[in-house]
Amino acid sequence: MYEPQVWLPMVLELLCSPMGTLLFIPLYALWVMLLLPGIWVSMLAGLLYGTWWGSCLVFVGACLGAELVFIISRRGLRDWSRQRLAKFPQLLAIEQAVSQEGLKLIVLTRLSPAFPFSLLNLAYGLSGVSFRDYTVGLIGVLPGTLLFCALGALAGDISSFADVLAGKIDPFNWLFRLVGVMATVGVIWLIRGAVKRVIQNTDPSP
């Protein structure tokens, strides 16, 4: 009874129902709150609901989960959040830099695949960024959401999905990769300057 081939079809059938579609949003939000990677769940949404509808569900669920993590990190779990981020020095640097760079840095880090979505939520909760800028910055997850949902939708066509796995992707997907690389370079450049200013401002020497 506990084997995947037994319960997985039932779960997928439930998610495809009207009620299951509504349940997908809070389930995705919970997934984000547990700090789990959302790539495979986003691809599942694309497989079940198609690229555009799946992207809408993932985006709403991701925003809901991200805002809850932000609030919890800022108000209740500061010590725990710092322990989680201790293994990611670049995220701690973002925490210090984001208050100075604001919305621009938030959008760039959301666009960049180099920064884990769930842990970014913790970092921003610890920073001095406003809730408004944090929320607006979530628009940066849309390109990645569309990409992963589109890849999941391709799973409905075995031949197309095989091309994806073989690296034979179309220019549209290459554009997403290029945006991710450019965003990563932009983040590194902004963080470098912002962190340098932070160090200079805290330098005790006369």
Side-chain angles (χ1 to χ4, degrees), residues 1-74 76-77 106-107 109-113 115-122 124-125 131-165 169-177 179-180 183:
M1 181 64 184
Y2 294 101
E3 296 180 358
Q5 59 267 32
V6 176
W7 55 263
L8 186 57
M10 295 187 292
V11 172
L12 295 179
E13 183 178 357
L14 172 62
L15 289 175
C16 288
S17 68
M19 180 174 291
T21 303
L22 293 176
L23 284 174
F24 186 87
I25 293 175
L27 287 175
Y28 196 96
L30 178 61
W31 191 268
V32 171
M33 293 179 68
L34 294 175
L35 307 183
L36 298 172
I39 294 178
W40 301 112
V41 184
S42 298
M43 292 181 68
L44 176 63
L47 173 63
L48 296 177
Y49 310 116
T51 300
W52 300 108
W53 184 231
S55 296
C56 290
L57 296 175
V58 168
F59 181 69
V60 173
C63 289
L64 176 61
E67 291 185 339
L68 290 173
V69 171
F70 177 89
I71 293 171
I72 292 171
S73 176
R74 175 158 292 187
L77 295 175
I106 296 173
V107 173
T109 52
R110 292 304 192 186
L111 283 169
S112 172
F115 299 94
F117 176 78
S118 296
L119 292 178
L120 270 179
N121 300 326
L122 292 178
Y124 288 140
F131 185 74
R132 180 188 67 84
D133 284 350
Y134 174 79
T135 300
V136 173
L138 285 169
I139 195 171
V141 306
L142 276 174
T145 297
L146 286 168
L147 172 60
F148 293 124
C149 287
L151 290 175
L154 284 176
D157 184 337
I158 301 300
S159 60
S160 296
F161 196 59
D163 288 340
V164 172
L165 295 179
I169 57 177
D170 56 45
F172 184 67
N173 287 325
W174 274 113
L175 177 61
F176 275 122
R177 289 186 177 185
V179 169

**Q** For a quick test of reading the model, state the closest non-hydrogen atom pair linking V60 to I25 and the distance between them.
**A**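 The pair with the smallest heavy-atom distance is CG1-CG2, 3.8 Å.
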
**Q** To the nearest 0.5 Å, how far apart are CZ in R110 and CD1 in I139?
**A**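 Rounded to the nearest 0.5 Å, the CZ-CD1 separation comes to 12.5 Å.
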
**Q** Any side-chain hydrogen bond (donor to acceptor under 3.5 Å, both in side chains) involving residues 21-38? Give me the pairs, sequence neighbours left out, ordered by first then second residue.
**A** Y28-S42

**Q** For a quick test of reading the model, state the closest non-hydrogen atom pair linking A150 to T51 and the distance between them.
**A** CA-OG1, 3.5 Å

**Q** Taking Y124 for the side chain and A66 for the main chain, is one N or O donor matched with an acceptor at less than 3.5 Å?
**A**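 Checking the backbone N and O of A66 against the side chain of Y124, no donor-acceptor pair under 3.5 Å is found.
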
**Q** Under the side-chain contact (heavy atoms from CB on, under 4.5 Å) criterion, do L35 and L122 qualify, and how do the steps go?
**A** CA-CA 9 Å; L35 307 183; L122 292 178; 3.8 Å; yes

**Q** Could you measure the distance from the CG atom of L120 to the OG1 atom of T109? Nearest 0.5 Å is fine.
**A**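 Between atom CG of L120 and atom OG1 of T109 there are 5.0 Å.
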
**Q** Test side-chain contact (heavy atoms from CB on, under 4.5 Å) on F117 and L138 and set out the steps.
**A** CA-CA 10 Å; F117 176 78; L138 285 169; 4.2 Å; yes

**Q** Within the 4.5 Å heavy-atom criterion, are T135 and F70 side-chain neighbours or not?
**A**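 They are not in contact (no side-chain heavy atoms under 4.5 Å apart), so the answer is no.
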
**Q** Could you pull out the closest heavy-atom pair between A62 and V32, with the gap in Å?
**A** CA-CG2, 4.2 Å

**Q** Which heavy atom of S55 sits nearest a heavy atom of T145, and at what distance?
**A** O-CG2, 3.6 Å

**Q** Nearest 0.5 angstrom please: C149 SG to L44 CG, how far?
**A**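 Spacing of SG (C149) from CG (L44) equals 9.5 Å.
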
**Q** Quick check on L64: does its CG atom have over 12 non-hydrogen neighbours (other residues, nucleotides or ligands) under 6.0 Å away?
**A** yes

**Q** Taking all non-hydrogen atoms of both residues into account, name the closest pair between Y49 and L15 and its distance.
**A**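 It is OH-O, 2.7 Å.
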
**Q** Mind running side-chain contact (heavy atoms from CB on, under 4.5 Å) on W52 and L146 for me, showing each step along the way?
**A** CA-CA 7 Å; W52 300 108; L146 286 168; 3.4 Å; yes

**Q** What are the two closest heavy atoms between F24 and L57, and how far apart are they?
**A**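 What the structure gives for the nearest pair is CD2-CB, 4.0 Å.
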
**Q** In the structure I gave you, are the side-chain heavy atoms of L36 and V41 within less than 4.5 Å of one another anywhere?
**A**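 They are not in contact (no side-chain heavy atoms under 4.5 Å apart), so the answer is no.
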
**Q** To the closest 0.5 Å, what do you measure between CD (E67) and CZ (F131)?
**A**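 Rounded to the nearest 0.5 Å, the CD-CZ separation comes to 4.0 Å.
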
**Q** Where the side chain of S17 meets the backbone of L14, is there a donor-acceptor pair that is under 3.5 Å apart?
**A** yes

**Q** Do the side chains of P143 and L111 get nearer than 4.5 Å, heavy atoms only?
**A**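 Heavy-atom side-chain distance check passes, below 4.5 Å.
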
**Q** Hey, could you give me the SG/CG distance between C16 and L47, rounded to the nearest 0.5 Å?
**A**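 Nearest 0.5 Å value for the SG-CG distance: 8.0 Å.
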
